[in-house]
Amino acid sequence: MTNVATPDAYANLPETNPLGFPLDWSWLRGSKSEWGVQPKPSSRGLTMMDIAVGAYGEVPDEPPRRTMAPRGCDIEDPTPDMGYILNKKSQVWSDNVRELYEEAVARQWSATRDIPWGELQELPDDVEHAICQLCTFLSEVEMIAADLPAKWMWRMNHDFLEAKMFLCTQIMDEARHSEVFRKRALANGGGLLKSKAAGTELLRSILQAKTYTQASSLMHLLGEGFVLDIFRMGELISPTDVEKRIFRMAMQDEARHVAYGTLHLRYAVEHDPDVAEEIHEALDHGEMVLMEVGTQPDLTTALATLLAGGVENIETEGFPLQSQLSVKLLTSYLARCERAGLNRVQRTLLPLDLLGIDPDTFTPAA
Ligand SMILES: [Fe+2]
Ligand SMILES: [Fe+2]
């Protein structure tokens with residue numbers, strides 16, 4: 001039902017106020033809004049999927065304006081230009097973004113309240129140092145995944161509202177991740193240990209990516225993908241149930257960020273095939289920088305110490321387990337690229353041979 005707010009019923013309203021200033025009744029008389037379109041709440045409540053009805057659910061491929069006006073309303077012309085540079089849907093969109101936003105809102109948690117900090121126990125020195133070193137690293141790298149969306153969000157056309165809303169949830173998630181790893185480093189008396197230049201170099205190259213889609217490939221697909229896989233190892237690397245809980249909670253959030261990025265890149269490539277090469281070039285560089293971070297002697301020794309339950313068994317248990325997990329990390333990344341519509345197996349410069357992965361027989365189902 002459209003335009004039921006007929007002008008006739010309001011024809012005799014005053015044209016000026018008592019001081020003589022003109023009044024505007026156009027919102028009442030002449031609205032072109034979809035008056036009467038009424039979304040129905042689902043069993044969960046009124047979701048963003050529920051309200052994507054009629055014209056309100058249509059996200060234009062190239063919005064004609066660059067305004068903050070809510071998509072679907074009547075807009076006064078001319079309207080100020082907000083300076084958006086991401087004005088194509090394919091530059092920011094992913095088909096799962098509404099669902100991911102709803103999931104993010106429903107699954108927020110508190111690093112203060114939802115981690116059983118009181119159950120921390122005294123650990124052997126080497127293990128406490130190792131978890132503190134890992135937490136120092138994670139506390140640093142987590143925040144880039146807040147800074148980067150923040151850098152680009154105000155440049156995104158507001159008609160892509162749901163994508164911006166999802167990125168807001170990512171920013172909150174990453175603040176909590178940075179918080180929870182900082183808290184874990186301090187909570188058992190070990191404290192924050194070493195930050196190395198290679199880690200910061202990776203973060204800088206993500207932040208300085210030339211386009212949002214390149215930045216998304218470096219951050220969501222590559223960086224956060226690897227972090228997600230580290231969180232998935234939580235059961236193996238956690239000295240106590242406290243860390244297991246931390247990794248489990250952070251993993252849920254991280255999986256959403258990676259899911260958005262993977263389907264965003266897929267959407268981008270499907271709607272603009274030329275963008276694939278741009279993404280490949282970013283990943284050519286990003287993979288090399290990530291390799292430097294992933295093979296940092298301090299990070300690898302800390303991880304291997306946690307896998308071995310201490311330095312004593314690092315050669316017999318820590319390093320062999322770490323090699324197995326490295327294969328998983330790489331195959332998982334390559335499979336993610338395939339899901340995003342990007343074949344990296346034949347192009348990557350990552351040392352697949354060292355890990356026994358044959359590009360000719362690799363199957364992306366891993
Ligand atoms: Fe995170
Ligand atoms: Fe993340």
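Index from 1, following the sequence. In listed order, ligands and their atoms are each counted from 1. For the numbers below, each heavy atom of this structure counts, side chains included, while hydrogens, waters and symmetry mates do not.
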- request: List in chain and number order the residues that pass salt bridge (charged side-chain N to carboxylate O under 4.0 Å, His left out) with R66, two or more places apart in sequence or in another chain; answer none if no residue qualifies.
  value: none
- line: Grouping ILVMFWY residues whenever side-chain heavy atoms fall under 4.5 Å, the cluster of I75 otherwise contains none
query: Using 30° and 60° as the class limits, which term best fits the ring planes of H220 and Y260: parallel, tilted or perpendicular?
result: perpendicular
task: Determine the interplanar angle of the F231 and F247 rings, folded into 0 to 90°, and report it as parallel if under 30°, tilted if 30 to 60°, perpendicular if over 60°.
output: tilted
field: CG (N12) with more than 12 external heavy atoms under 6.0 Å
entry: no
message: Going by ring-ring contact (aromatic ring centres under 6.0 Å, His included), name the residues that satisfy it together with Y333, two or more places apart in sequence or in a different chain.
response: F226
statement: Protein-derived N, O or S atoms lying less than 2.8 Å from the Fe ion (ligand 1), waters not counted, sum to 4
